[in-house]
Amino acid sequence: MKTLQKAGTATALIALLVGCSPSGQSAQQPASSAQAGKSERELSSQPKSTASQAAAPRDSMALKRPLPSPPGTDAMYFKNYGTHPFISTDEDNLSTFAADVDTGSYTITRSYIQEGSLPPAEAVRAEEFINYFPASYPAPAGKTFGIQVDGGPSPFGSGYQLVRIGIKGKEIAPENRKPAHLVFVIDVSGSMDRENRLELVKKSLRVLVDQLQPTDTVGIVVYGSTGRVILDPTSAENRRTILSAIDELQPEGSTNAEEGLQLGFEMAERAFERGAIHRVILCSDGVANVGETSAHGILRSIEDYARKEIHLSTFGFGMGNYNDTLMEQLADKGEGQYAYIDSFSEARRVFMEALTGTLQTIARDVKIQVEFDPKTVDRYRLIGYENRDVRDEDFRNDQTDAGEVGAGHTVTALYEVKVKNESAGKLGDVRIRYHNAATQRVEETSQPLQIQAKLSGELQFLAAVAEYAEILHESYWAKDGSLRDVIELAETNASGEQQLEFVRMVKDSLAIRGH
């Protein structure tokens, strides 16, 4: 999940967050993570061909800036991590990155669309779009992870193959998971009064509390101008006491995020119980304007607590003044999950269907490495994961920080691949390396990289999701991309309300463009 080793984290994050900019303002375009992390890589001289050569006009959205943001969204902070290039296997046949299961970028984009505006390009992270949709990978039998590899001709790149790499973590029944000691750190500053943000936080936490077991505990810290404890760790059996504390929350004052987080971590440390789950859960719009507000000041101790197995998950609320960059990086350094909550339905999905079932970490520092065979693969490109790049030589460096995966989680990555022979079977190998949380041992598993004659319906839908994200991100590789083609492919392969909602979102995006 990180391109740098832990020793350089603070410096890297200062640089990263200083570089973030509000939407609508120009931000310095960083070098792509592939170029920054691997100097030997070069951009392919032959850009991707588009799938459709028909006479129908293209939207060419990737060449156009989004419409102005809706009123009140002039302080939305994002970071542009660039776009992965195509890599020649003669130059570098290894692709290495950290597993990630964040989804915040997708729901932020959905909020923009619902407000009648396209998001700024830097708000779109393709891997978070792809991973928003749970994949139907089989649960591994007797192993920590199962690996699924499939692929076939790309619907959006004539002569290219789309390859999917999916991993599925072992499942743990709720009654069998470890006790969870949770500390809610809740932003109650004046900005949380806008759009009823705090009310949505309260409804969201009620959903989470309803999923807890009698062996779990909840503590609550709030922060406005100052931080304070309003509920010491309390057994989930005392549900009424916990919900009463949540219901009494009211917006107040400025935003001292540093003090609130520090109090939350201190509470979690005092309640530490070996063998249990310890998680601080931050609910905020990510804005800090009192106390220590710099990246270094807020983030400097989070990694230390993560090493002590006290992890941080962040959940964002609100449009208008929201710091996506900070919220994502807080969860990144805290070895937790980042999601953006834009509705009660999303709160239910995250807190009922996603978070509580995956509270227990099954593997830390999860790294994925794909080794392409230069005899069969000419070049390749990883879609998304630009800020999750890991140096190839650090794949087996077990001191390198990477992604964390909870029980039952799925992680999906898509590659575009140009093969030298379309009848080729094996394209290479995929490997996963991680610290097994149960055994405290480093494990590694691998599987051949093979594709089929055609894409499954599920993968065709994900291809549409990826192309949509690439178009909104203004990727060079989707400069001729068509939202009409995305709609056609997605609509043909969509199943279930979540996927049908995506189809409606793409149709709304097309309407916003006026085509």
Discussion item. Ring centres under 6.0 Å, that's the criterion: do Trp477 and Phe156 meet it?
Written reply: no
Worksheet entry | ring pair (Phe, Tyr, Trp, His ring centres under 6.0 Å) against Tyr415, all qualifying residues, sequence neighbours excluded | Phe372
Discussion item. Quick check for you: to the nearest 0.5 Å, what is the distance between Ser95 atom OG and Ile368 atom CD1?
Written reply: 9.5 Å
Worksheet item: Under 3.5 Å, is there a donor-acceptor pair between the Asp392 and Thr96 side chains?
Response: yes
Worksheet entry | Pairing residues for Gln262 by the side chain to side chain donor-acceptor pair (under 3.5 Å) criterion, not counting sequence neighbours | Glu266, Tyr305
Worksheet item: What is the ring orientation for Phe78 with Tyr112, classed by angle as parallel under 30°, tilted 30 to 60°, or perpendicular over 60°?
Response: tilted
Worksheet item: Would Phe86 and Glu416 count as a side chain to side chain contact (heavy atoms under 4.5 Å, CB included) if you check the C-alpha gap in whole Å, the side-chain angles of each, and the deciding distance to 0.1 Å?
Response: CA-CA 8 Å; Phe86 274 96; Glu416 286 185 303; 3.8 Å; yes
Discussion item. Give me the atom names and distance for the closest heavy-atom approach of Val486 to Glu467.
Written reply: CG2-CG, 3.7 Å
Worksheet item: Are any non-hydrogen side-chain atoms of Thr83 and Glu386 less than 4.5 angstrom apart?
Response: yes
Item to complete: Work out which heavy atom in Gly104 is nearest to a heavy atom in Glu128; give both atom names and the distance.
Response: N-OE1, 3.1 Å
Worksheet item: At what distance, to the nearest 0.5 angstrom, does OH of Tyr77 lie from CG of Asn321?
Response: 9.0 Å
Response to the item:
Closest non-hydrogen contact found for Leu455 with Pro155 is CD1-CD, 3.6 Å
Item to complete: In sequence, state the C-alpha distance, the side-chain angles, and the governing distance for Phe184 and Leu208, and then conclude on side chain to side chain contact (heavy atoms under 4.5 Å, CB included).
Response: CA-CA 11 Å; Phe184 300 152; Leu208 177 53; 3.5 Å; yes
Worksheet item: So, Lys79 and Glu328, do they make that salt bridge, N to O below 4.0 Å?
Response: no
Fill in: Member of Thr109, Asn387, Asp324, Asp100 meeting the side-chain hydrogen bond (donor to acceptor under 3.5 Å, both in side chains) criterion with Arg125
Asp324
Fill in: With sequence neighbours excluded, residues passing side chain to side chain contact (heavy atoms under 4.5 Å, CB included) with Ser313
Arg279, Phe315, Gln337
Item to complete: For the residue pair Phe129 and Tyr468, categorise the inter-ring angle as parallel (less than 30°), tilted (30 to 60°) or perpendicular (more than 60°).
Response: tilted
Worksheet item: Considering residues at least two apart in sequence or located in another chain, which fulfil the ring pair (Phe, Tyr, Trp, His ring centres under 6.0 Å) criterion with Tyr338?
Response: none
Discussion item. With rounding to the nearest 0.5 angstrom, report the CG to CG distance, Leu282 to Leu326.
Written reply: 8.5 Å
Worksheet item: Is the number of heavy atoms from other residues, nucleotides or ligands within 6.0 Å of CD (Glu252) greater than 12?
Response: yes
Practice prompt. Using side chain to side chain contact (heavy atoms under 4.5 Å, CB included) as the criterion, list what pairs up with Lys418, not counting sequence neighbours.
Written response: Tyr160, Asp378, Arg379
Fill in: Distance (rounded to the nearest 0.5 Å) between Glu346 CD and Ser204 OG
9.5 Å
Fill in: Which atom of Tyr434 lies closest to which atom of Val366, heavy atoms considered
CB-CG2, 3.9 Å
Discussion item. Counting C-beta onward and ignoring hydrogens, is there a side-chain heavy-atom pair between Phe502 and Val506 closer than 4.5 Å?
Written reply: yes
Item to complete: Could you tell me whether the side chains of Ser343 and Ser345 share a donor-acceptor contact shorter than 3.5 Å?
Response: no
Fill in: Heavy-atom check, side chain of Gln114 versus side chain of Asp342, under 4.5 Å
yes
Fill in: Side chain to side chain, Val101 and Thr103, heavy atoms closer than 4.5 Å
no
Item to complete: Answer yes if the side chains of Thr492 and Gln460 hold a donor-acceptor pair under 3.5 Å, and no otherwise.
Response: no
Worksheet item: Where do Arg110 and Ile113 land on the side chain to side chain contact (heavy atoms under 4.5 Å, CB included) test, with the steps shown first?
Response: CA-CA 5 Å; Arg110 184 172 64 192; Ile113 301 300; 5.7 Å; no
Fill in: Contact summary for Thr314 and Ala331, nearest pair of heavy atoms
OG1-CB, 3.5 Å
Worksheet item: If you round to the nearest 0.5 Å, how far is SG of Cys283 from CD1 of Ile341?
Response: 8.0 Å
Worksheet item: Is Leu510 close to Lys507 at the side-chain level, that is, under 4.5 Å between some pair of heavy atoms?
Response: no
Practice prompt. With side chain to side chain contact (heavy atoms under 4.5 Å, CB included) as the test, would you mind laying out the steps for Phe265 and Ile310 before giving the verdict?
Written response: CA-CA 8 Å; Phe265 277 112; Ile310 301 174; 3.8 Å; yes
Discussion item. For Tyr137, give me all partners under ring pair (Phe, Tyr, Trp, His ring centres under 6.0 Å), at least two apart in sequence or on another chain.
Written reply: none
Discussion item. Using a 6.0 Å distance limit plus a 45 degree cone around the ring axis, check whether Arg349 lies over the aromatic ring of Tyr132.
Written reply: yes
Worksheet item: Can you check salt bridge (charged side-chain N to carboxylate O under 4.0 Å, His left out) on Glu199 and Lys202, steps first, answer last?
Response: CA-CA 5 Å; Glu199 290 304 310; Lys202 290 157 70 171; 3.2 Å; yes
Worksheet item: Nearest heavy-atom pair of Ala402 and Asp365: which atoms, and what distance?
Response: N-OD1, 3.1 Å
